[in-house]
*Asks:* 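Sending over a structure as C-alpha cells; questions will come in a sec.
Remember, it's 1-based here, ligands and their atoms both numbered in the order they're listed. All values derive from a computational prediction rather than experimental measurement.
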Amino acid sequence: MRASLIQIGVDEGESVDSRRQRVAALVREQAEADLVVLPELWTTGAFAYQAFADEAEPLEGPTFEVMAKAASDAGVWLHAGSIPERAPSTDGSDEGALYNTSLVFSPSGELAAAYRKIHRFGFDKGEAVLMAAGGDLVTVRLPETTLGVATCYDLRFPELFRGLVDAGAQTLVVPAGWPERRRSHWTLLARARAVENQAYVLACGTAGTHAGVPQAGHSIVVDPWGEVLAEAGSGETVLTVEFDPAKVATTREQFPALKDRMLGLAPPRR
Ligand SMILES: NC(=O)CCC(=O)C(=O)O
C-alpha cells in the first residue's frame, strides 16, 4: 500500500477557505496513493481555541464537501483529519455541542466513518472545556487493511488503542496538532503504540505556528516491529511511504505477544 501524509502548514495568515482549497489541491495530487492522511483541526489549528466556535461546521459542512470531492477526484481513501464539528442541538437550544471530529472518505467520496475525539486536551482549559468528548471507537475496513482511528492526545492512552486492536485494527491512523515543545513524546508514543499493538502507526501532524504554539511536524510512519519507515521534518511536506499490510499478521504470528495478555487482573490486596 502507498500512503501519503500531508503535513499541512497552519498559520493565521491564511484564511480557512483558502487553506481548504489548497489542501484539496494537495489531496488531488496524491492519486498514486491508496490512502491519504491529513492532520487534526487543520482548518483552524488545534490550539486556536477561539476559532473552534467561529469556524465550527456541521458534519456535512464545507470541509466535508470539499474533501469528499477531493477523495473521489483522486480516487483515494482519505482520512481528512478533523474538523470542529457543531452537532445538531438535542435540547431545543440554538447550538449543539462542539466535537473534534475526524472524517474518513472512500475513493468514491462516500463518508466511510466519523470519529469524535475521545480524550480532549487542555486539562482545565482549551479543547477540554470547549468541546464534548466522543464515546465510540471507530474502525474502517479497507480492502488491504483495517484502520483504527484516534486523534492527537488520544496517543497517550494505550487502552484506546487496545480497544481498536480488539476491534480488528491493523493500521492505526493518528491525525494531530502536536506542539514542538513535546516532540520527543510524539515520536516515542507513536513507536510505543506500534510495538505494543503490533500494528502500523500513521501519525500526521501540522507544520507552522498558530495561536503562538509552534507545531512539531515530524509526521511519522512506524511498522509493527517499531521501525520508523519514514519521518518528516518540521516544515510543510507530503510524506509518502510504501508499506506491506501483511506484515501485521506475520509479526503477530512470529512474536505472538498479544496472545499472552492477562485480562481482568485483580487489584492488589490491601
Ligand atoms: N491537540 C492535542 O491533542 C495536543 C496534545 C498534546 O499537546 C500532548 O498530548 O502533549
*Asks:* Only counting residues at least two apart or in another chain, list the ones meeting side-chain hydrogen bond (donor to acceptor under 3.5 Å, both in side chains) with E14.
*Replies:* R19, R22

*Asks:* Begin from the C-alpha positions of V174 and F161 and carry the test side-chain contact (heavy atoms from CB on, under 4.5 Å) through to its verdict.
*Replies:* CA-CA 11 Å; V174 188; F161 290 83; 4.1 Å; yes

*Asks:* Would you say T145 and T171 are linked by a side-chain donor-acceptor pair, where the criterion is simply a distance under 3.5 Å?
*Replies:* yes

*Asks:* Without hydrogens or angle criteria, can the side chains of D154 and Y115 be said to hold a donor-acceptor pair below 3.5 Å?
*Replies:* yes

*Asks:* Are R20 and T63 close enough that a side-chain donor and a side-chain acceptor fall under 3.5 Å?
*Replies:* yes

*Asks:* Atom NE2 in H210, atom CH2 in W42: separation rounded to 0.5 Å?
*Replies:* 13.5 Å

*Asks:* Would you please write out the protein residues whose heavy atoms approach any atom of ligand 1 to under 4.0 angstrom, listed by chain and number?
*Replies:* E40, A46, F47, K117, F121, C152, Y153, R156, G177, W178, P179, R182

